[in-house]
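Following: one structure in C-alpha cells, then a few remarks.
Just so we're on the same page: letters track the sequence lines, and every chain starts at 1.
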Amino acid sequence: MTRIAANTPCRVRLILNGKERVGQAESRMLLSDFIRHELGATGTHLGCEHGVCGACTVRVDGVASRACLMLAVQAEGRRIDTVEGLCDGDALGDLQAAFKRHHALQCGFCTAGILNSCAEFLDKTPEPSELDVRDMLSGHLCRCTGYTGIVAAVLEVAAQRRGAPPETSHV
Amino acid sequence: MQAQSTVEALGRFAECGYARERVEDNALLRGAGRFGDDLATTAGTLQAAVLRSPHAHARLRKLDITSALAIDGVHAVLTGEDVREWAAPFAVGVRQPMQHWCLAVDKVRYVGEPVAVVVARDRYVAEDALDAVEADYELLDPVVDPEVAAQADAPVLHEGVGANVVNDRHFSYGSPDKAFAEAAHRIALKVRYPRSSCTPIECYVVIADYDVAAGTYDVTANFQGPFALHSVMARALKVGASGLRLRTPPDSGGSFGIKQGVFAYVVLMALAARKAGAPVKWVEDRLEHLQASSSATNRVTEIEAAVSAEGRISALRYDQLDDCGAYLRAPEPATFYRMHGTLTGAYDIQHLEARNRVVLTNKTPTGLNRGFGGPQVYYALERLMQRIAVALDLDPLEVIRRNLVPADAFPYRAPAGSLLDSGNYQSAIEKGAAEGGLDELKQRRDAARREGRLYGIGYCAVVEPSISNMGYITTAMTPAEREKAGPKNGAVATATVGVDPLGGVTVHVSSTPQGQGHRTVAAQVVADVLGLEFETITVNVELDTQKDPWSNASGNYSSRFAGAVAGTVHEAASRIRKRVAAIAAHQFEVDASCIRFGDGRVTVADDDRLSTSFRRMAGTAHWAPALLPEGEPGGLRETAFWSPPQLAAPDVNDHINSSLCYGFVFDYCGVEIDKVTGRVRLDRYVTLHDAGRILNPAVLDGQVRGGFAQGLGAALMEKFEYGADGSFQAGTLADYLIPTTMEVPEPVILHMETPSPFTPLGAKGAGEGNNMSTPVCIANAVADALGESDIELPLTPSRVRAMIGIDEPDAPEGLEPIKPAAGSGSALQASDSVDMPGDPATVFDAMLDPKILAKIIPGCHDLQAVGDNAYKADVTVGVGMIRARYKADVNLSELEPPHALKLSGVGRSAMGTAEGSARVRLTAIEGNRTRLDYDYEAAIGGKFAAVGARMLQGAARVIIGQIFSRLAVELGGGSNAGSWMKRIVDLFRRLFGRSKK
Amino acid sequence: MKPAAFDYARPESRGEVLKLLADTGSDARVLAGGQSLMAVLNMRLAEPALVIDIGGVADLGYIEIRDDRLCIGANTRQAELLAWPELAEHAPLLARVMPWVGHFQTRNRGTVCGSITHADPSAELPLSLAVLGGEVVLERRHWRRGRRVVPAAEFFQGLLTTAREPDELLTEVRFPLARADHDYRFTEVAMRHGDFALVALAAVIGPDEIVLGAGGVADRPVVRRIPRDRDFDTELNIFAWSLGAESDAHASAAYRRQLVRELGHKLLTQATP
Ligand code: FES
Ligand code: FES
C-alpha cells in the first residue's frame, strides 16, 4: 500500500505525451497543477477547478478526464496525454487543423480540454451524429464561440477519417 | 462631415474582406498560447490568496493575522493598515464623499470584498493561511434590492454620502411634456433587468513586483483596458504613470468586459508584493471570480412612450435606476452613459426625457460587460415596442418600421446627441425578413397555434454603438461640474508598423485582445496596404506601458478594434507604404505615384523590369541610408495615432455623441414553449448585422455567434443570485449556468455593409450587438407566445411555467405544503416537532444543562460557559462528505420554564457564517412524554452559501433537526455512539416519532 | 480553490481499505472516481485527515449478474456501465438513465457506487436504485458481522445522508434484473443538459402495480407504489405533495410538484413501446 503523509513532497512518475516525466507533488496537489507547474505543460488550462468547465480535460490512459478532479499522486505510472501531444510531428493534427479551418476557437482557453475530449470520442465513435457530438461537447464550456465551429470541425474530422475529402470552404 | 472613407480609394482588397484562417490558432491549438498563468516568472515569485468578507455589510472590528503568519511557508499578510499607509482610495466618477480602497479598511460592503492578502510559498499554503486569519465583524443590515436601497430609510452603505443614491441626473431633450400631452396614447412599462456576467473561462491573473530602489511597481495582468484606468491605478498607488509599469500577456482567455475589473487587483497585488518584498502572483479562482470580480448592472426601468394612433412615437420617457453594487468603481456610472446618446435606439423620436439614478447596494461592484448598457436599455425599449403593438393591435414589426430613422437622414443626430453615422434600417429589415424566412416562420407559428401549441415570434431592432467617446462618462456630472473639471472627449487609437533590416514587417497594436483575432485582421490590413502575404506579417498585441505607444483609450472594449484600431493600423501601414514608395521612386527614378505594391514586390506601373522585392527595397532604409531620397531619415517604423473629430465632449445641454459608430442589428426569432416543463425552445433565430465594411467575415461571424450564445444565456438561465441577507449564491459553474452545446442552436446570420464615413476602413464594431438584442428578442417572443406583458429574465422553465399558470389541486389531508421561507435565498424558516420521554420540566432542565447541550449539538467538541446560559463552542457540522468546523456562540434566552425557550447560535468558519435560532415550546403529552415544537430560522453566508446554494436549506434542516432528535435520544437514555442497530432504532424513532407540522 | 492537506493512502486490497476506515472513521474520505469528492476537497467543503484512494483495489471493479441481480463493484466507472453491451437487456431503466448522468467526461471517471454513496437527492443513480428496489453492500472490519446488505429504502436517509457508517465501505450496488412483463421509464427536467435534475421521475410499470420514484424534489429519492387500478391523478397528487418540495434559485416548489403530477401522468400513461 502506498501511503503519503500530508505536507510531504513525493516523487510522481508518469508518461506525459509519450515521454516519461518525473516531478514532486504533495498528496494534495491536483494533477492539473502538477502538469502545468511541475512539468511545465501549460497547454492544459483551469477554468473552474470544480469539474464543470472542462478546460482542464486531459486523457488518462486514453480516457478524457478532468485533471482538476484528480490528484497528481493518482497519476503515478499512468499515461497522460495533453494538447501538447496532439500534433502530427510539427504539423497540426487533423483535429487541430479542422478547428483552425472552422474558426472553432477564439481566445483558445477552453480549446485544449475540448480537443482531448474529441480525440477520445472520435476514437470510440467513428460515425457520430451532430447530436452525439453536441452531447459529448456539453461537458465543456466555451464562452467565446457559441460552439458552431467546434461542432462543425468534429463532424468534419469524423467524415474525413472515414475517407471523405476535407472541406475547403468556411462555416 | 469627414471625407469619404478610404475604402473606395483603395479599390479591391486581396486580404481584407476574406475569411482568412487565424494566425493566433497555430499556437493556441498546440497548447503553446501564453496566458497570464503560463508566463515565466522571476525566481522567488510567491503566490497570493485573498481573504474575503463572508458578510454583505459589516464593520471590520479586528483582524488577527498572528496564526496565519506562523504557518510554515507564509511570507506576509497585507491588511487594511498597509493599504492606508501606501495607497489611496480609487478615484470615483462622481463627486461624493465615499471611499473605495483595494482592501476593506473599516467596513465590508459586499460578500467577497477583499479583507487581507496572504502571500505564501504556494497557493495551497496561502489558502491554509486564509483559514487561519481571524476576522471579527460587527454585522450591519444589508440592502440588496435597488428599489429598497433607494428609499430614505434604507441602511446606508457609505455614511459620508448619507444615502445610497449617489448620482441622480435628469435630462430633457426637445419638448417631451408637450408631446406626451398631445399624444393619442401613452404606453408605459416597468422592467427589471437582472444581474449577470459574460464571465470568461480564464479568470483574473496578476503578477506584481515592487522596485524598492525606485519606488515603482511592475505588474503584468490580463487587464483588458480601457487604459484610462491606468491613471486610476497609478493614483491609487500614489505614483505617477511611469511609476506603474503595466504589461499584458500575449494571450488572454476571454474577457467580454469583465477583465476591466482586474484593475483593482493590480493595485492590491502591487501592494502585496511590496509587503512581501518579493514578486507575487495571484490567480483568481472561479469562486472568487463569480462572487467578487465584476458584473453588469441590474437595473429597474420605468419607460413610457407618447404614441400616435398609427403607432408613431413622438416622445420617450425613461426613469432608470442602475444598481452598481457596493462601490462606484471606475468607469461607472458608465453603464448608463455609454448608451445615453442612443436612448432613442433605431427610432426617429424627437422628444426625450430621462432620469438616471445610480444606487449602491451590498453587492459586487459592477463594470464593463459585453453590450455595456445596451442590454438594459434595449430590454426596456424593445419590450415597450412590443407592448405598443399589442396595445394598438398592430404587427410588432410594423410598429418598428413606422418609427425607424429614415434612410436618407444619415448622419442622423439623435435628440440626446448620438450622431448615427450611416445605415439603412429599412432595407436591413426587408433583407432580414426576406432572407431569414419571416413569412415561413409566421406560418410555422400559425400552424403551431392551430394545434394548440405555445408559439411566439419576437422582434427587435438595435443600434449597436462602437468606439466609445472617452468623454461620455462626464455626462454623469452637471454641466457646471464639467466646466470645472475640464473637457474630456475623443478616443485615441494607436498602431505601429515597422520594417526590420531583412524586410520583415512587424505590427504592434495596443488593443489587448482576448480572442477576437486582432493579430489576424491587423495582418490582413497591412498585407493589403503593402502588397504582402498576410501570413508573413508579425503582429504583437502585448502591451507594456513603459515601452509601447498607448493612450487612455487603449484596450479592448466598445468594439473599437475594427473601426478605430484596424483603421489606425491602416494609417501606419500607409505611411510606411508612402516612404517605401518614395525610396523606390528615387531608386527607379520615377515619380512616386507610379509605384505599385503587390505580390511582395515594389514595381513601377507599366514597367515590369523596374521591380524589386519589398524586402529588399524596404531594407535599403536600414542598410544603405546613402541611397535614400532627401527627407527620408532611414529606419522604417511608423506609429500612428488617430482620434475622430466627431467625438466631442458633452455640451452644456447634455448632448453627447457617446460613440463614433452605430451599427444596426435586426433580430427576430420563433420560440416554442413546452406547456408542461415551461422550457423555451428556439425554433429559429435570425440575426442581421450591418457593421459597415467587413474585414474578416469568419471572425465577424464568430463574434455574432459568441454574443448570441451569451445573450441566450442571459435570456434563459444566467443570473447572479443573492439572498435577502446579501449572501452570494452562484459561486460555482453549477450554480451560475452558462449555455452548453445542447442549449445553443445555430442562428441564421445575415449581413449588410453600409460603410461608416467616419472610420478609415469604413468598418464599425460588431462584437456586442447580440448581447443587446438577443435577451429582449427572446423575451418578446415569449411575451407573444404567452400573451404576457410582465416578462422577467432569466426565463427559466419554472418561471415560464408559472406564467402559463399552475393550477394546483389541493393538498390531500395531512400534507400541507412546507411554509415558504420568508425573504429569499439562504434564509430558511420552518417548524417541526419531536416527541420525547419525560415531562416538560425534565426536558427544559436538560436543555439548560451544558453537559447535555454539548451532547445534543451535532459535532460539538467543546462547550465553555461564558455567562448565564451563554457558551462558546467548537462545532463540526456537515452532511455527507461535506464538513466544516465552526467557532460558535450558543445562547439560551427567553426562558419560560418549563414551557418555552429560545436556542440560538452564531458560528464562524473558513466556510463562512452560520446563524440559527429555534423557539422551542414544550407540551406535556400522554405517557409522561413531551412534545417539543420548534420554529426555527437559519441563515448561512459566505462560501457555503456561494457554492452550496442548491443544498442549503436541506442541510440547515438536517442539522437543526439533529439537535432535537439527539435531545430525544439523550432523554431516552443510552448512548449516542452505539451500534448501528441502535442507530437504526434511533432512525425509526426519528422517522415515526416526528410529525410534520 | 485548493484542497487542505491530507494523508493519502492507496491500499491494494479490500482488507487494507477496511482497516484504514476502521482506524480513521469519519476523518477519512474514500476516493473512487473523485467526481464529487474532489470538487468538495478543492472548495475545502471537507478537510479530511485521510484520503483513501480505492483505485488500486483490483477486485472492486466488475459488472456481474448474480442471483437475478446486476452487481456493480465500487470501482466500476459510469462509462463502463453505459458501454456494457448487455445493459439494455438486463437493466433497461439504467440504459435510459445513464446518458443523463453528468457528462461524457465525468462518466469516464465517476463511479456508479460513488454516485450512490454521495446520495445527492437530484442524482439519477440513487433514484434508479430506489425505484428498482435495489440494495447496497456495506463492508467494515469486523471478525463476524463485517458485511451487511441494505435495501435502498433504508440506505437513503436524507440530504447526502445514508446508512453507511463512517467505518464502512460501499463495495457493491445491486440492481434487480429487468422482468419481461415490466416496463421501465424515465424522464427528467434539468436546467441544462447534464445538470442535476429539477425533477426526475423513474417508473417501473408492472402488470398490477406501478413503482414511481422522484428525484430532485425531496431530500432523497422517494418511491411510491401505485396499484394499476387506482386513479393515477389522485395518486400523483398525493405523491407530489408528500415530497415536501421547496423553492430554490432554479425552480419553485409549486413547479416541482406540478412536474411530478404532469410528467408523472405522461410517464404512467404513455403507450408501451
Ligand atoms: S478546471 Fe477542471 S473542469 Fe473546470
Ligand atoms: S474559445 Fe474562448 S472560451 Fe472557448
Residue selection (most heavy-atom pairs with chain C, distance under 4.5 Å) from [options]:
| options | answer |
| --- | --- |
| B/M717, B/R286, B/M881, B/E743 | B/M881 |
| B/G731, B/A802, B/P797, B/A884 | B/P797 |
| B/I806, B/T796, B/L716 | B/I806 |
| B/I738, B/D674, B/T740 | B/I738 |

Which bit of [X] is near chain B, if near means a heavy-atom gap under 4.5 Å: side chain, backbone, both or neither?
| X | value |
| --- | --- |
| C/A251 | both |
| C/L259 | side chain |
| C/D195 | side chain |
| C/R164 | neither |
| C/P3 | both |
| C/A253 | neither |
| C/A28 | neither |

So which part of [X] gets closer than 4.5 Å to some heavy atom of chain C, the side chain, the backbone, both or neither?
| X | result |
| --- | --- |
| B/E808 | both |
| B/K943 | side chain |
| B/T732 | side chain |
| B/I804 | neither |
| B/R799 | neither |

* To do: Classify the angle between the aromatic ring planes of B/Y722 and B/F728 as parallel (below 30°), tilted (30 to 60°) or perpendicular (above 60°).
  =>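 Because their plane-to-plane angle is over 60°, the rings of B/Y722 and B/F728 count as perpendicular.
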
Find the one option among [options] whose heavy-atom pairs under 4.5 Å with chain B are most numerous.
| options | result |
| --- | --- |
| C/G158, C/G194, C/A190 | C/A190 |
| C/T162, C/N237, C/L41, C/D219 | C/N237 |
| C/M191, C/H193, C/E262, C/R192 | C/R192 |

* **B/E284 (side chain) donor-acceptor with B/Y204 (main chain) under 3.5 angstrom** =>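 Yes, because the side chain of B/E284 sits within donor-acceptor range (under 3.5 Å) of the backbone of B/Y204.
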
* Looking only at atom types and distance, does a side-chain atom of C/T117 sit under 3.5 Å from a main-chain N or O of C/S115, one as donor and one as acceptor? ->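 Checking the backbone N and O of C/S115 against the side chain of C/T117, no donor-acceptor pair under 3.5 Å is found.
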
Between [X] and [Y], does at least one N-O distance fall below 4.0 Å, as a salt bridge requires?
| X | Y | result |
| --- | --- | --- |
| B/R123 | B/D285 | yes |
| C/R230 | C/E235 | yes |
| B/E792 | B/K719 | no |
| C/D167 | C/R140 | yes |

* Could you grab the distance from atom NE2 of C/H103 to atom CD of C/Q78, nearest 0.5 Å is fine? =>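 Result: 11.5 Å between the selected atoms.
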
* **Pairs satisfying side-chain hydrogen bond (donor to acceptor under 3.5 Å, both in side chains), at least one member in residues 27-47 of chain C, at least two apart** =>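 Residue pairs with at least one partner in residues 27-47 of chain C: B/D128-C/R44, B/D131-C/R44.
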
* Between B/S965 and B/Q962, a side-chain donor and acceptor under 3.5 Å ->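 Checked: B/S965/B/Q962 side chains show no N/O donor-acceptor pair below 3.5 Å.
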
* Between B/T876 and B/H861, a side-chain donor and acceptor under 3.5 Å ->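 Yes, B/H861 and B/T876 have a side-chain donor paired with an acceptor closer than 3.5 Å.
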
* To do: Name all residues meeting the salt bridge (Lys or Arg N to Asp or Glu O under 4.0 Å) criterion together with B/E718; count only those two or more places apart in sequence or in a different chain, and write none if there are none.
  =>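 Here the qualifying residues are A/R143.
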
